[in-house]
Amino acid sequence: MVFTLTTPLYYVNDRAHLGSAYTTLACDAIARQRRLCGESVLFITGCDEHGQKIQRTAEAAGLSPQAHCDAVSEGYRQLWQSWQISNDRFIRTTDPRHRSIVEQFFARVEANGDVIEGRQQGWYCVACEEFKDDPHEAQDPECSLHRRPLEWRDELNLFFRLSRYQHQIEQLIRQDGFIQPQNRRREVENFVAQGLRDFSISRVNLPWGIGVPGHSGHTFYVWFDALLGYLTALLEPGDEPDLQLLSERGWPASLHVIGKDILRFHAVYWPAMLLSAGLPLPKRVFGHGFLTREGQKMGKSIGNVLDPQQLLDKCGRDAVRWYLLRDIPFGDDGDFQQQRFIDLVNNDLANTIGNLLNRTSSMARRWFADAVPPAGGAKASSHPLAAAALQAQELSEQAWERLDLRAAAEAALQLAITANGFLNDQAPWKLIKQEGQQDQVAADLYAVLEAARQVAVLLAPLVPELSARMLAQLSQDGEPCWPAALRWGLLQPGLGLPEPQPVMARLELDDPL
RNA sequence: GGCUCGGUAGCUCAGCUGGUUAGAGCGUGGGAUUCAUAACCCCAAGGUCGGGAGUUCAAGUCUCCCCCGAGCCA
């Protein structure tokens, strides 16, 4: 069984913003966690590259649409590389094989009688690429979102007969766990309950898109193109594009992670399309929240957008990953606050976790010949830190199960806090000065080092680099596997410890990002 | 206009089917300590639980109305 996980395919109208980075980072953590558990993972991301908006943006820049898409999607690819995103695929909807997949998919849907012609007329926003509901007689209406004039359109388009799938979709979204988080479900339920209406799947006079076979002049509109990118992405490099192949290549998706704004399309339109094409349905759709910045919506007009590349350059991967995944409840809206960002990174990562390892390793080296001390009774599962570690592991597992990345982070952090407290209570720096307490000190330090190792293992999906640095400080090599690496007492007494180096530098930011 | 989800300590949030003095982290203030990245550990703050009305022996937790924020639909 392959765990197939997708981010949305990002629209290349503009370069990546923090929101896309957030989604991708979260997916990366999920993908890493699954891999650690030994699952076979197919992590898909990519770009959606067709549409009128892109055509016009390219024209405005004096580029061909293809050249524009090449440039922007390359920017995405490089961005994800510099964030060390572990995606297995990067699909572009201008990939030649994608055209073939779309055509095959459409052929199935059409053969199923689910494509009809319909007239669509009204005011159209090019930026939204959608028809608006302003009355026909409106004078110079403008789009409330983009504050740009609407264009009058009167087109003959192709429609997908979504209305035929009313019942099946109702059943689907009623399933527990299909739509997550749970509190988004009702919104979709109500939408469906109003009665599903056929939706248009083509546009005319829009050359920058995939032509609809047998309907000259029509190109596919976003959903019949972009969503199918999830399918094309499954193909391996040498594969001929063939829908038949997909079940062997990881379809259906186990999880689509998306922003809450496109939940409807993924939870209603997409499943209906798949039903029509005779393909299995994704297992779950997770709609996460949006990020604001210091309480304000991010936008070009306000001039407060946070560029992911710049954020990375100034702060580093671990810091940003930790802040976004640990502090923002995955699924709810969140606010990026610079001071809080700095506080959390410094407190959690540098002070609590980094310093725990540093202080303990330092004592172990000083009093036990630069090595892990003899464990004595500390290997017992009844040791208080063993119990704390077990609890952290359980909390972590439950958290990952429900995609509560925040709780997963807190579980690891809590273990470090407990270990710091234990150290203070035991005060080995006092005991060591007393006669006959050598064994006790050894056991205490062993327990704390082992707890630090577990913290590192638990952190691996969230902040992989920090985790690796911690494990290196503990002379552990190789990928930590879950749950094997979480067994208490794996740390080998006598193992040499390298000179302690801070594993996480404190973040100092004088200027606003 | 209809619907959905939120509105709990300065900040970010926990509070399951209503029931002892409403909790955590950060920030702030005080104390302790020296192994450590001036790090760690302990203690403290008294927040009308958005506002109002109601149900109940008892409501942050249920009902209704209103206000604010986000989103979906029209």
Side-chain angles (χ1 to χ4, degrees), chain A residues 122 130-135 144-145 173 179 181-197 258-265 267-268 287-292 294-297 323-324 326-368 373 395 404 406-407 409-411 413-414 416-433 441 444-445 448-449 452 466 469 473 499-508:
Chain A
E130 272 177 4
F131 282 91
K132 296 292 169 181
D133 299 309
D134 293 67
S144 54
L145 248 68
I173 62 178
I179 294 176
Q182 185 80 247
N183 61 13
R184 294 255 147 72
R185 190 164 94 182
R186 183 138 334 147
E187 185 177 304
V188 179
E189 281 176 349
N190 289 347
F191 170 74
V192 174
Q194 289 171 17
L196 292 175
R197 295 182 304 176
I258 52 168
K260 61 181 181 179
D261 54 332
I262 51 175
L263 181 57
R264 208 176 82 235
F265 302 105
V268 177
H288 72 248
F290 292 149
L291 294 178
T292 51
E294 313 292 347
Q296 277 194 308
K297 201 176 263 191
Y323 174 61
L324 292 178
R326 128 95 221 243
D327 199 43
I328 294 171
F330 194 47
D332 294 344
D333 290 344
D335 190 36
F336 188 104
Q337 298 176 348
Q338 180 161 334
Q339 191 56 53
R340 186 164 173 80
F341 171 41
I342 294 169
D343 287 342
L344 286 189
V345 167
N346 290 347
N347 273 301
D348 300 345
L349 261 29
N351 298 350
T352 301
I353 292 172
N355 185 49
L356 170 71
L357 177 59
N358 198 253
R359 65 195 298 212
T360 313
S361 173
S362 165
M363 286 185 275
R365 279 171 52 89
R366 183 169 309 168
W367 303 320
F368 297 93
L395 288 173
D404 188 345
R406 184 192 209 207
E410 280 173 349
L413 180 64
Q414 187 53 53
I417 291 173
T418 304
N420 268 320
F422 176 81
L423 214 42
N424 272 65
D425 292 343
Q426 298 302 108
W429 51 91
K430 279 184 188 161
L431 279 183
I432 196 70
K433 293 172 188 162
V441 172
D444 289 345
L445 293 181
V448 178
L449 284 171
L466 171 60
R469 285 194 299 276
Q473 288 274 300
E499 190 175 336
Q501 299 285 334
V503 287
M504 187 71 201
R506 294 171 59 85
L507 203 53
E508 314 280 354

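Reminder, nothing fancy here: chain letters follow the sequence lines and each chain counts from 1.
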Assign [X] to base, sugar-phosphate, or nothing according to its heavy-atom contacts below 4.0 angstrom with the strands shown.
X: A/Glu410; answer: nothing
X: A/Asn355; answer: base
X: A/Pro502; answer: base
X: A/Arg365; answer: nothing
X: A/Glu189; answer: nothing
X: A/Val188; answer: nothing

Counting side-chain heavy atoms from CB outward, which of [options] is closest to [X]?
X: A/Arg506; options: B/rU37, B/rA36, B/rU33; answer: B/rU37
X: A/Ala350; options: B/rU37, B/rC40, B/rU12; answer: B/rU37
X: A/Lys430; options: B/rU4, B/rU34, B/rA70; answer: B/rU34

Roughly how far apart, to the nearest Å, are [N] and [M] at atom [atom1]?
N: B/rC64; M: B/rU56; atom1: C1'; value: 16 Å
N: B/rG15; M: B/rA24; atom1: P; value: 15 Å
N: B/rU34; M: B/rU17; atom1: P; value: 49 Å
N: B/rA53; M: B/rC40; atom1: P; value: 46 Å
N: B/rC67; M: B/rU12; atom1: P; value: 24 Å

Handout entry: Distance, rounded to the nearest Å, where A/Ile342 contributes CD1 and B/rU12 contributes C1'
Key = 16 Å
Practice task
Grab the CZ-P distance between A/Arg340 and B/rC13 for me, whole Å please.
Solution key: 8 Å
Who is the Watson-Crick or G-U wobble partner of [N], with both distances under 3.5 Å?
N: B/rU12; answer: B/rA24
N: B/rA45; answer: none
N: B/rC64; answer: B/rG52
N: B/rC72; answer: B/rG2

Exercise for the section: Kindly say whether A/Ile179 contributes a backbone atom to a donor-acceptor pair with the side chain of A/Arg185 at under 3.5 angstrom? Expected result: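 Answer holds: no.
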Working to the nearest 0.5 angstrom, can you tell me the gap between [X] [atom1] and [Y] [atom2]?
X: A/Arg406; Y: A/Leu413; atom1: CZ; atom2: CG; result: 12.0 Å
X: A/Leu263; Y: A/Arg184; atom1: CG; atom2: CZ; result: 7.5 Å
X: A/Thr352; Y: A/Leu357; atom1: OG1; atom2: CG; result: 13.0 Å
X: A/Asn420; Y: A/Leu356; atom1: CG; atom2: CG; result: 4.5 Å

Practice task
Look at the side chain of A/Asn351 against the base of B/rA39 and say whether a donor-acceptor pair falls under 3.5 Å; ignore hydrogens and angles.
Solution key: no
